[in-house]
Protein chains: 2
Amino acid sequence: MLFRPTPSSGVPIYLQLMEQVKHSIETGALRPGEQLPGIRPLAEELVINPNTVAKAYRELEHEGVIELRHGAGAFVSGSARAKKETDAMKAGLSAVAATIEKLRARGLSDDEIRRLFEAELAGHAALPKTGGHRG
Amino acid sequence: MLFRPTPSSGVPIYLQLMEQVKHSIETGALRPGEQLPGIRPLAEELVINPNTVAKAYRELEHEGVIELRHGAGAFVSGSARAKKETDAMKAGLSAVAATIEKLRARGLSDDEIRRLFEAELAGHAALPKTGGHRG
DNA sequence: TCAACTGTACTACTGAACTAGAACTGTATT
DNA sequence: AATACAGTTCTAGTTCAGTAGTACAGTTGA
């Protein structure tokens, strides 16, 4: 009952679940080695398909956040890699928050802020002039 | 021939075109009031459907970046709003670049950086414990 | 071994996004 | 008015992500 999927938000359920788990780990609500809710019970709790939960868990394992043991359950990863990343993320979060705050103060919308970052993470080319060729 | 759509990149063609135009404006290659290539000539140039170009133009107009005049053509918007935003974007770009550089130096991948920002632009809740209820 | 859990694999339905083709309406120029 | 070129609208086909249903396989503990 703590988690409520919001289909109207446009964000896929399995992604919401993933963020939930990650956030729980970052805040310490879930600790390394701890077991997560089973796929089926959690699916019933959230009134969604078990396969949707399974997908979220699978993706989380792919990212190294959790560890899946067939027949045993899902557990929070305690690997050095995951912990190191979590630390880096924590450290970076404040920098990110500060930057976003600054941009918002300048009157930029969330969507525009998003554009800025996407543009910075990618590359660009040029555009043909008005009087382009004609076959 | 300056622009080449990359379907394999997974990014929709019309979005690529939009970024192209925006970038051209930000760098000054396209100035306020200047006319953009027509929908059909540009479509032919890029070997895509005119409708795809039209969609990009329509979205750009919705964002206030350009101005569409039925029967006349598409023109770079010279409105105060657009210019003010462009200025704010330019000013914010350096801050964004610096932040991203810092995060990369910490060993975070682009994907993880993306996660950080998305998390900061949204909200979170909690996760039910392992021993949840059973109907 | 057996029963009750666990995650896994496979198949299929649905809806939205993207692209495209063709026909339409408005503007400018002669 | 007529022509050429501009954006607009409508319809449709294709693809893919998301979700769900069902059957399968591994683990644990009595």
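Just so it is clear: chains get the letters A, B, ... in the order the sequence lines come, proteins before strands, and each one is counted from 1. These figures come from a predicted structure and were not determined experimentally.
Using a 4.5 Å heavy-atom cutoff, the side chains of B:Leu42 and B:Leu17 are in contact. Inter-residue side-chain proximity for B:Arg104 and B:Ile113 is flagged as met; some heavy-atom pair is nearer than 4.5 Å.
Under the side-chain hydrogen bond (donor to acceptor under 3.5 Å, both in side chains) criterion, A:Lys55 pairs with no residue at all, not counting sequence neighbours. For the side-chain contact (heavy atoms from CB on, under 4.5 Å) test, residues two or more places apart in sequence or in another chain that qualify with B:Arg114 are A:Glu118, A:Leu121, B:Asp111.
In this structure, CZ of A:Arg58 is placed 13 Å from C1' of D:dA20, rounded to the nearest angstrom. Whole-Å rounding puts the A:Ile66 CD1 to C:dT6 P distance at 14 Å. Remark: C1' of C:dC13 and CG of A:Asn49 are 12 Å apart, rounded to the nearest angstrom. What separates CD of A:Gln16 from P of D:dG18 is a distance of 12 Å, to the nearest Å. Per the geometry, CD belonging to A:Glu44 stands 13 Å off P belonging to D:dG21, to the nearest Å. Computed from coordinates, the A:Met18 CE to D:dG18 P distance equals 11 Å when rounded to whole Å. Between B:Glu59 atom CD and C:dA17 atom P there is a gap of 11 Å when expressed in whole angstrom units. For A:Leu17 and D:dG18, the CG to P distance is 14 Å, given to the nearest whole Å.
The only member of B:Val53, B:Thr52, B:Leu68 that meets side-chain contact (heavy atoms from CB on, under 4.5 Å) when paired with B:Ile39 is B:Val53.
Taking the side chain of B:Ile39 as heavy atoms from C-beta on, and the options C:dG7, D:dG21, D:dG7, the nearest nucleotide is D:dG7. Comparing D:dT8, C:dT8, D:dG18 by their closest approach to the side chain of A:Ala54 singles out C:dT8.
Contact between the side-chain N/O atoms of B:Thr52 and the OP1/OP2 oxygens of C:dA20 is found at a separation under 4.0 Å. Note on B:Tyr14: a side-chain N or O is less than 4.0 Å away from OP1 or OP2 of C:dC18. Applying the 4.0 Å criterion to OP1 and OP2 of D:dT19, one finds that A:Lys55 has every side-chain N and O outside that range.
Cluster membership for A:Leu116 and A:Leu93, using ILVMFWY side-chain heavy atoms within less than 4.5 angstrom, is shared.
Over its length, the helix from C:dT1-D:dA30 to C:dT30-D:dA1 turns its helix axis by 20°, as judged from the five terminal pairs at each end, rounded to 10°.
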Which pairs, protein N/O on one side and nucleotides 10-12 of chain D N/O on the other, fall under 3.5 Å?
unit_1 : atom_1 : unit_2  : atom_2 : d
D:dC10 : N4     : B:Asn51 : ND2    : 3.1

Every protein N/O within reach of nucleotides 26-30 of chain D N/O, cut-off under 3.5 Å:
unit_1 : atom_1 : unit_2  : atom_2 : d
D:dG26 : N2     : A:Gly71 : O      : 3.2

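The main-chain N or O of B:Phe75 is never found under 3.5 Å from a side-chain atom of B:Gln35 such that the two would form a donor-acceptor pair.
Place A:Arg40 and B:Arg40 on DNA chain D by their nearest nucleotides, and B:Arg40 ends up nearer the 5' end.
Across A:Glu63 and A:Lys22, no two heavy atoms sit closer than the pair OE1-NZ, 2.7 Å. Annotation for B:Val11 and B:Gln16: closest pair O-NE2, 2.7 Å, computed over non-hydrogen atoms. The two residues A:Tyr57 and A:Ile66 have their closest heavy-atom pair at O-CD1, 3.5 Å. For the pair A:Gly78 and A:Pro32, the tightest heavy-atom approach, listed with the atom from each and the gap, is CA-CB, 3.9 Å.
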Distance-only donor-acceptor hits, side chain of residues 94-103 of chain B, under 3.5 Å, sequence neighbours excluded:
unit_1  : atom_1 : unit_2  : atom_2 : d
B:Ser94 : OG     : B:Ala91 : O      : 3.1
B:Thr99 : OG1    : A:Thr99 : OG1    : 2.6
B:Thr99 : OG1    : B:Ala95 : O      : 2.9

